[in-house]
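Below you'll find the structure, written out as structure tokens, and then a few comments.
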Amino acid sequence: MDREKVIKALGEDVSCEGLKDTPRRVADAYAELLSGTDKTAEEELSRTFAADRGGVVIEKDIWFSSACEHHLMPFFGKMHIAYIPQGRVAGLSKLARTVEIFSKRLQLQKRLTSQVAEENLRCLKPEGVFVICEAEHTCMTCRGIKKAGSKTVTYCAKGNFPQELRGEVLAAIK
């Protein structure tokens with residue numbers, strides 16, 4: 001495929017000094033943005049430690065960036081993961097690595113939220129998991145309606161994560 005086609009289609013001179021290496025830089029950027037497609041979170045979440053049953057573990061403000069599958073534009077924000085351990089907990093970095101793996105794919109925010117929740121439930125086997133995702137989508141802020149600062153919030157509860165604990169988690173992440 002001719003990497004210069006998009007630049008030519010925009011009416012730009014591909015021999016311009018500033019655009020000469022742009023096709024390679026764009027390819028490198030997308031390779032980085034989509035670097036999670038060959039990875040699974042199972043290996044990360046398989047490393048656990050003994051812990052008392054009950055209580056809630058919350059890892060909040062896990063920053064991520066992803067690419068919207070509709071416009072191939074970035075969206076970014078914070079994810080919060082809460083779970084009720086049943087005798088085992090994951091290392092905190094493992095939760096962040098799970099977010100990283102799923103966010104580095106062409107995504108929809110709702111799917112990303114669900115995938116993180118499902119994988120944590122499957123691998124950690126907690127009583128329940130509750131994942132909240134807040135993100136700003138550049139397809140909303142830089143084009144179209146152009147509403148900078150608007151955020152989309154999605155959440156997903158899996159397993160037995162009681163409603164009253166959801167309220168406590170929401171209060172804790174604010």
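Keep in mind it's a predicted model, so treat the numbers as computed, not measured. Side chains are part of it too, since the values below use all heavy atoms of this structure and drop only hydrogens, waters and symmetry mates.
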In one Ile/Leu/Val/Met/Phe/Trp/Tyr side-chain cluster, 4.5 Å: [X], [Y]:
X: F49; Y: L45; result: yes
X: Y155; Y: V131; result: no
X: V99; Y: F130; result: no
X: V6; Y: Y30; result: no
X: I173; Y: L165; result: yes

Please find the pair of heavy atoms, one from [X] and one from [Y], that lie closest to each other, and give the distance.
X: F161; Y: A82; answer: CE1-O, 3.8 Å
X: R53; Y: G87; answer: CG-N, 3.6 Å
X: A41; Y: I101; answer: CA-CD1, 3.8 Å
X: A172; Y: K60; answer: O-NZ, 3.3 Å
X: Q109; Y: T154; answer: NE2-OG1, 3.2 Å
X: A117; Y: K158; answer: CB-CG, 3.9 Å

Next item on the list: Please lay out, stage by stage, how M79 and L112 fare under the test side-chain contact (heavy atoms from CB on, under 4.5 Å).
Entry: CA-CA 10 Å; M79 192 167 288; L112 172 61; 3.7 Å; yes
Side chains of [X] and [Y]: closer than 4.5 Å at any heavy-atom pair?
X: Y83; Y: L124; result: yes
X: V89; Y: T48; result: no
X: R143; Y: H71; result: yes
X: E59; Y: H80; result: no
X: V116; Y: V129; result: no
X: F76; Y: W63; result: yes
X: P162; Y: I84; result: yes
X: L19; Y: D13; result: no

Check: Do the side chain of S66 and the main chain of S103 share a donor and acceptor less than 3.5 angstrom apart?
Finding: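 Yes, S66 side chain to S103 backbone: donor-acceptor pair under 3.5 Å.
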Margin query: So does G36 get a backbone contact from the side chain of R105, meaning a donor-acceptor N/O pair under 3.5 Å?
Written below: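 Checked: pair present.
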Starting at [atom1] of [X], measure out to [atom2] of [Y] and round the result to the nearest 0.5 Å.
X: D28; Y: L33; atom1: CG; atom2: CG; value: 11.0 Å
X: R97; Y: L95; atom1: CZ; atom2: CG; value: 11.0 Å
X: E127; Y: N160; atom1: CD; atom2: CG; value: 5.0 Å
X: T113; Y: I81; atom1: OG1; atom2: CD1; value: 10.0 Å
X: L34; Y: Q107; atom1: CG; atom2: CD; value: 10.0 Å
X: C133; Y: K78; atom1: SG; atom2: NZ; value: 11.0 Å

So that I can tick it off, tell me whether [Y] and [X] are bridged by a salt bridge, with the cut-off set at under 4.0 angstrom between side-chain N and carboxylate O.
X: K104; Y: E32; value: no
X: E119; Y: R122; value: yes
X: K151; Y: E134; value: no

Other residues, nucleotides and ligands only: do more than 12 of their heavy atoms fall within 6.0 Å of [atom1] on [X]?
X: E69; atom1: CD; result: yes
X: K20; atom1: NZ; result: no
X: D52; atom1: CG; result: no
X: L10; atom1: CG; result: yes

Next item on the list: May I ask you to check whether R25 and T22 show a side-chain donor-acceptor distance below 3.5 Å?
Entry: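 Distance-only check passes for R25 and T22.
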Check: Is it true that the side chains of R111 and Q115 contain a donor and an acceptor less than 3.5 Å apart?
Finding: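 Side-chain D/A pair, R111 to Q115: absent.
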Next item on the list: Verify side-chain contact (heavy atoms from CB on, under 4.5 Å) between L72 and L106, making sure each step is shown before the conclusion.
Entry: CA-CA 7 Å; L72 299 181; L106 288 176; 3.4 Å; yes
Next item on the list: Walk me through it: do K147 and T141 pass the test side-chain contact (heavy atoms from CB on, under 4.5 Å)?
Entry: CA-CA 5 Å; K147 295 298 178 194; T141 62; 5.9 Å; no
